[in-house]
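To start, the structure under review is shown below, and the notes come after it.
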Amino acid sequence: MSAAATAQGPAQSPRGTTFTAATLLVPILLINAIGFMLPVANLAVISVSEIRSSGAMTGGWSIAKWTTVATDPFYWELLANTVRTSLIVTILTLIVSYPIALCLHRMNGAWKSILLVLVISPLLLSSVVRTYGWIAILSDRGLVNSALAALGAQEPFRLMFNLTGVMIGLTEILMPYMILALLAGFGRLDPRVEEAAATLGAPPYRVFWRVVLPLSLPGVALGSLLTFVLAISSFITPKLLGGGRVFLLATEVYDQAIVTLDWPLAATLSIIVLVVFGLALAVYTRILRQIG
Amino acid sequence: MPAEDHVSPVTKHNADETAAPDRFLSLQALTKRYGDTAAVDAVDLDVRKGEFLAMLGPSGCGKTTTLRMIAGLVPTTAGQIVVDGRDLTNVPPYQRDMGLVFQSYALFPHMSVAANVAFGLEMRGMAKADIRARVAEALQLVRLTGYEDRRPGQLSGGQQQRVALARALVIRPLILLLDEPLSNLDAKLREEMRNEIRDIQRRLGTTALFVTHDQDEALTMADRVVVMNKGRIEQTGTPEDLYERPRTAFVAAFVGRTNRFPGTGAGEVVHVGGVTMRCARPVSGPVEVMIRPHRIHLDGSGERRADDNHASGTIIRTTYAGNVVQYDVQAGDTVFNVEQSTDATGALVSVGTAVTLSWSVANTLVFEAAP
């Protein structure tokens, strides 16, 4: 390559690259604007709209819903309950998914592909169907309680229509997402590094705590973020397995919008969910910077 | 200096197998089988204390598997690994006290240089102050003082390899195991690290086992070299033994460059494609003849003895490589590769020139041809 060409190359390419990148971004920006930004702005508008008791909008403005949400302890409890439930579900999902992901990460060849497909296959079924599956397992005369009864249990355990059922169902339903995110984040795990730790005198459990776990933290963070966000926004599973006795933000949004027809309140709660997402993302970014 | 308290500072240079069989590391019929194929096939090997031993061979010859069995990372199929009189065959890797340096460095990417080096000492439950002192010592040994707080990712390849070396040495290992430690470095750095590893090993008197596929590395660094092929040891000896007195055709061809001709033995002489030459020992039937290119002289060059082998031929190619010139010489049906060191005053012999080649009988190596 001539000197002139090398000098020209870098001067020209950034401009071209920027232009190409911008062009490639246009479709997704359009979709995002129409499908996300606009509706969110619309939600904000609805949340400060005035309504009659019938649910019809008057065309006037009111911050009544915001003050209600801010002052009524019910909503604070609802928020706390939602965040706590989602956090517990996230931790449970992480605990049951981590060994599976680690095992998959270490496998090779055909078995890895087969098991990976098995892990992802639940996603082929809608979560409605899977939730009904859990009802069959967890109900008073379901699989678990029948088995316990056969073993001599007097009373059936209440495993559904309460928070326990919701958490069991959500944990299983969110596992594939967690496993995939963990696998994506396990890139820094190197068997040679684990071997190095072993030859330096670390027994297996110390290799895990000092090397495997720290190196897998990016995957743990990514999986936890994804699972937390999905748990907070999940609606069908809490609705069906909660049996109307479990109150979470997502189910409340549904009730207000569809049953009570209080759209401004539903919009207000939706925006609060969005704020929680934003906070979760901020925490994730911070954690990632610390472990990176 | 690490390792001085349990390793004798005496380094043995010339390996003489008959004198004082000091078996610090002893492999006895060590075997590793994967299914039907034996990666390592009944290898017997004794290593002296303080010795620097290289295991040389092509990829897949079993040298790395042998090393990994010694480290305890690969379970043995059969045989024994005995170190200092203690049978380590079934001891887990974390109780073996081996210092392993990997080709890929395998540093802990999430820890600082100091934490990497301190890891092995921490695992041994050493006091913080002692760890600090030993880490400083080890980093000084590999000339990385001042890099304590860097992360491995911020270091060059050579620096990372030196951290790996410090990390392996700081625990004062029974044996320092090096698995192709220089393969990922560029040529210049490789030469530098060769000397550095050798110097440190000599200074500490640590017994070291060095796995490599690079014959230069093996010859220049090791007290003794083990040449492996297809899971078996072909020959064990000093670098000079292997180069000058190869026991098999494989060793002759693998260690150093060589002309390799098929021939027919007829007592004291061998017929090679139209050229008849005398060889060091009587042979008969199909043989392989090997002559090192730089041991063949063109016309007047080198000393000439009456009983040297001769061949007349024509130069068909000249390759200038700076320190040497390589000539391809057609003699009869055979093309000899001849190598001569260059000289500022010497002129290259041009293609087409008729020349007489000569080489000594001692340099005419013959081996029974493989069936």
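In what follows, chains are A, B, ... by sequence order, proteins preceding strands, each numbered from 1. Quick caveat, the model's predicted, so the values are computed rather than measured.
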Practice prompt. Tabulate, in ascending numerical order, the residues of residues 205-218 of chain A having at least one heavy atom closer than 4.5 Å to a heavy atom of chain B, or enter 'none'.
Written response: A/R206, A/R210, A/V211, A/P214, A/L215
Discussion item. Only heavy atoms, only distances under 4.5 angstrom. Which residues in residues 66-104 of chain B are near chain A?
Written reply: B/R68, B/A71, B/L73, B/P93, B/Y94, B/M98, B/L100, B/F102, B/S104
Discussion item. Checking an interface table here. Which of residues 189-199 of chain A come within a heavy-atom distance under 4.5 Å of chain B?
Written reply: A/R192, A/V193, A/E195, A/A196, A/A197, A/A198, A/T199
Item to complete: For atom CD of B/Q154, decide whether the heavy atoms of other residues, nucleotides or ligands shown that lie under 6.0 angstrom number more than 12.
Response: yes
Worksheet item: Do other residues, nucleotides or ligands put more than 12 heavy atoms under 6.0 Å from the CZ atom of B/R124?
Response: yes
Item to complete: Tell me, for B/L107 versus chain A, whether the close heavy atoms (under 4.5 Å) come from the side chain, the backbone, both or neither.
Response: backbone
Worksheet item: Does a sphere of radius 6.0 Å around OH in B/Y147 hold more than 12 heavy atoms from other residues, nucleotides or ligands, not counting ones at 6.0 Å or beyond?
Response: no
Worksheet item: What residues of residues 84-117 of chain A sit under 4.5 Å from chain B when only non-hydrogen atoms are counted?
Response: none
Discussion item. Tell me the closest heavy-atom pair linking B/M123 and A/A202, and the distance in Å.
Written reply: SD-CB, 3.6 Å
